**Q** 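Supplied in structure tokens, the structure appears directly below.
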Amino acid sequence: MKLLSCPLNGPRNIEEFQYLGPLRGRPDPDALSDADWARHLFRAENRPGAMLEWWRHRPSNYVFLAERHTVTNAVIRTFDPSELEPGA
Amino acid sequence: MVLRLLKYGLRSDYPVTGDIPVTPTLKPAYDVVIIGAGGHGLACAHYLSKYHGIHDVAVLDKGWLAGGNTARNTTTIRSNYITPQGIAFYKEGVTLYEAMSEELDFNVMFSQRGQLTFAHSEATLRSFHLRAETGRHMGIGIEVVDQKGVEALCPHLNMDYGGALEVLGGLWHPDGGTARHDAVAWGYAAQAARRGVEIHQRTEVTAIEVAGGRVQAVVTNRGRIAAGQVMIACGGMNYDMALKAGVELPIRCYPLQAMVTQPVKPWLHTLVSSVSLHTYLVQSSRGEMVIGGGSDPYQLYSTRSTLDMKEHLAEGAVHLFPFLKNLRLLRQWAGITDMTPDYSPIMGESPVDGLWLDCGWGTWGFKATPVAGKRMAECIATGRVPEILQPFALERFERFALLNEMGATAASH
Ligand SMILES: Cc1cc2nc3c(=O)[nH]c(=O)nc-3n(C[C@H](O)[C@H](O)[C@H](O)COP(=O)(O)OP(=O)(O)OC[C@H]3O[C@@H](n4cnc5c(N)ncnc54)[C@H](O)[C@@H]3O)c2cc1C
């Protein structure tokens with residue numbers, strides 16, 4: 001059983017969580033070209049290495065961020081979205 | 001083929017022929033460099049050398065021959081997709097499998113036993129009707145069968161009458177089948193090698209050189225190779241490889257897991273699949289029950305297996321065929337799948353001149369090995385993308401012309 005440490009509920013079985021995908025920017029759709037908008041919609045972070053991503057703890061419906069290494073699968077840290085540094 | 005087999009059988013010494021030459025020394029330049037010696041890369045090399053007179057080709061692989069997803073897949077071959085473009089493409093793939101043993105002079109054990117997909121809900125059944133109508137229009141063998149029809153095709157199935165997972169009907173695809181994956185790769189490799197193609201195992205591409213918007217060379221652990229044209233066919237590493245040329249693909253990588261049980265006597269003729277249970281089964285020619293395919297729920301570059309995924313597959317298999325519960329698992333594995341947003345591949349041109357893409361094969365690319373190889377060879381040889389490949393261009397995402405095949409790949413194969 002793999003554990004994920006939820007910032008709100010502590011370490012829990014990873015099956016209690018839902019993966020919501022890599023963190024992505026929130027560009028203004030009106031300010032983007034069609035090509036850049038398509039890029040925003042369809043391309044996501046996928047480089048082998050450390051990645052910031054969204055997770056949800058299903059029972060408590062709490063959404064948070066994790067930094068995880070996509071090769072070793074090691075979770076480097078988990079934190080509340082309010083702690084996200086601007087520009088990250 | 002039959003006569004030759006007979007002659008061989010009557011000999012007293014059974015001579016061994018080495019089909020695939022040992023890795024030669026690397027030349028400083030090739031007309032065509034193919035990155036990835038999986039089924040796709042090798043098939044392309046075969047078609048280039050046999051049909052287009054292009055022999056100065058190097059196929060590079062960081063590992064051993066076809067040790068990527070070609071070695072890890074569950075070998076479902078079918079064309080019962082959703083979009084007309086997808087069906088036309090995969091239909092050509094099935095046709096090429098039908099003739100492959102002859103084409104390669106190598107028995108790939110193509111076994112066209114048909115595939116039956118179960119519907120456990122009215123909604124699934126309705127989507128089957130749409131797939132059957134589209135498929136028939138495109139000229140493939142496909143029909144919706146009712147409960148009686150399912151029972152006739154698959155008498156051992158637990159129909160779960162009155163239960164939560166009652167089988168309401170099925171999608172019958174008589175064109176579906178399996179082939180021996182190693183034989184497919186070895187057959188293409190042997191043919192290509194015979195026509196001068198060099199296969200370089202343990203040759204890892206670490207960089208792609210681009211200048212003036214055109215691909216110039218690839219850098220490997222064994223040296224730099226100048227290349228007229230380069231094709232990327234790296235399976236699970238396609239995103240990473242394209243990035244080396246500055247091309248960002250709409251791909252996310254997830255491990256896909258499968259497993260086989262100990263062998264038993266032949267009992268399951270058809271390939272069977274359940275969309276709701278995310279489980280499919282086929283009995284291999286060795287008698288093993290091949291069970292797939294569970295995708296990990298988060299992105300990962302890893303080929304490890306997990307207990308929860310194997311439990312999930314076992315649960316689905318035992319629900320469909322309760323008598324399997326006493327079988328033991330023999331092997332388990334995973335492959336890194338390069339998933340696209342619309343569950344269709346990305347083939348054809350890249351934004352870099354001379355750099356071709358044969359990517360985004362996710363959980364469904366083994367069946368496309370011959371057709372992708374044939375059509376990508378056409379691209380490289382003529383510089384033009386044939387009509388059948390045009391819908392799969394990378395720039396379809398910019399045109400919002402996606403080819404949604406999720407419903408036809410949901411059980412992941
Ligand atoms: C568990 C599982 C089940 C599947 N089941 C099915 C199925 O039933 N039906 C179906 O149609 N498809 C199935 N698939 C998908 C199918 O296996 C793949 O889409 C297909 O095999 C891709 O073939 P390929 O030749 O493009 O890639 P691969 O066979 O993965 O070959 C890519 C090669 O590139 C090499 N490479 C990577 N990086 C580098 C580098 N830097 N330098 C040099 N070489 C490099 C790798 O070593 C590898 O040998 C399944 C996949 C998995 C994982």
Side-chain angles (χ1 to χ4, degrees), chain A residues 1-6 11-25 27 29-59 62-78, chain B residues 62 206 234-244 246-255 294-312 315 334 336-344 346 351 359-360 362 393-404:
Chain A
M1 179 170 69
K2 188 172 168 62
L3 296 177
L4 187 62
S5 192
C6 172
R12 313 287 306 183
N13 184 344
I14 196 147
E15 290 193 2
E16 290 185 16
F17 297 91
Q18 181 188 15
Y19 175 66
L20 298 174
L23 182 70
R24 45 173 88 215
D30 296 323
L32 288 187
S33 68
D34 283 356
D36 284 339
W37 182 242
R39 182 180 181 281
H40 167 70
L41 287 181
F42 300 122
R43 296 182 193 189
E45 180 56 61
N46 190 47
R47 271 171 290 196
M51 164 163 113
L52 284 176
E53 56 194 16
W54 292 104
W55 285 81
R56 179 171 80 98
H57 183 241
R58 287 181 224 254
Y62 170 68
V63 175
F64 61 97
L65 285 153
E67 188 175 5
R68 188 177 56 94
H69 198 286
T70 56
V71 178
T72 63
N73 203 16
V75 178
I76 299 156
R77 60 179 174 138
T78 55
Chain B
K62 69 174 177 187
T206 52
C234 289
M237 298 312 285
N238 278 327
Y239 175 92
D240 195 46
M241 186 54 66
L243 211 55
K244 294 187 199 305
V247 177
E248 210 184 349
L249 298 177
I251 281 176
R252 291 160 75 175
C253 290
Y254 294 85
S295 284
D296 278 61
Y298 46 86
Q299 282 166 254
L300 194 63
Y301 283 90
S302 169
T303 54
R304 59 96 177 91
S305 287
T306 56
L307 181 62
D308 54 350
M309 208 53 80
K310 303 302 171 189
E311 278 177 343
H312 164 81
E315 200 180 308
I336 302 167
T337 58
D338 48 331
M339 304 296 287
T340 56
D342 58 0
Y343 291 68
S344 282
I346 299 168
C359 303
L394 172 60
E395 42 100 39
R396 73 174 179 270
F397 296 98
E398 276 176 31
R399 289 186 282 111
F400 297 93
L402 275 65
L403 292 171
N404 188 358

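Each chain gets a letter, A, B and so on, in the order its sequence line appears, and its residues count up from 1. As the structure is a computational prediction, the values presented were derived from the model and not from experiment.
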**Q** Counting C-beta onward and ignoring hydrogens, is there a side-chain heavy-atom pair between B/Glu248 and A/Arg39 closer than 4.5 Å?
**A** yes

**Q** Do B/Tyr298 and A/Ile14 have side-chain heavy atoms sitting under 4.5 Å apart?
**A** yes

**Q** Which residues pass the side-chain contact (heavy atoms from CB on, under 4.5 Å) test with B/Pro250, sequence neighbours left out?
**A** A/Phe42, A/Arg43, B/Pro341, B/Ile346, B/Leu394, B/Phe397

**Q** What part of A/Glu53 lies closer than 4.5 angstrom to a heavy atom of chain B: side chain, backbone, both or neither?
**A** neither

**Q** Minimum heavy-atom separation for A/Asn46 to B/Tyr239, with atom names?
**A** ND2-CG, 3.3 Å

**Q** Just verifying a value: how many Å separate A/Arg47 CZ and B/Leu243 CG, rounded to the nearest 0.5 Å?
**A** 6.5 Å

**Q** Highest number of heavy-atom pairs under 4.5 Å with chain B: which of A/Thr72, A/Asp36, A/Thr70, A/Val71?
**A** A/Thr70

**Q** Specify the closest pair of heavy atoms between A/Gly21 and B/Arg252, including all atoms of both residues, with the distance to one decimal.
**A** CA-NH2, 3.4 Å

**Q** For B/Leu402, is it the side chain, the backbone, both, or neither that has a heavy atom closer than 4.5 Å to a heavy atom of chain A?
**A** side chain

**Q** What residues of residues 299-306 of chain B sit under 4.5 Å from chain A when only non-hydrogen atoms are counted?
**A** B/Gln299, B/Leu300, B/Tyr301, B/Ser302, B/Arg304

**Q** Looking at side-chain heavy atoms only, is the closest gap between B/Glu398 and A/Asp34 below 4.5 Å?
**A** no

**Q** In chain order, what residues pass the side-chain hydrogen bond (donor to acceptor under 3.5 Å, both in side chains) check against A/Gln18, with sequence neighbours excluded?
**A** A/Arg56

**Q** What residues, two or more places apart in sequence or in another chain, satisfy side-chain contact (heavy atoms from CB on, under 4.5 Å) together with B/Arg399?
**A** B/Glu395, B/Arg396, B/Ala401

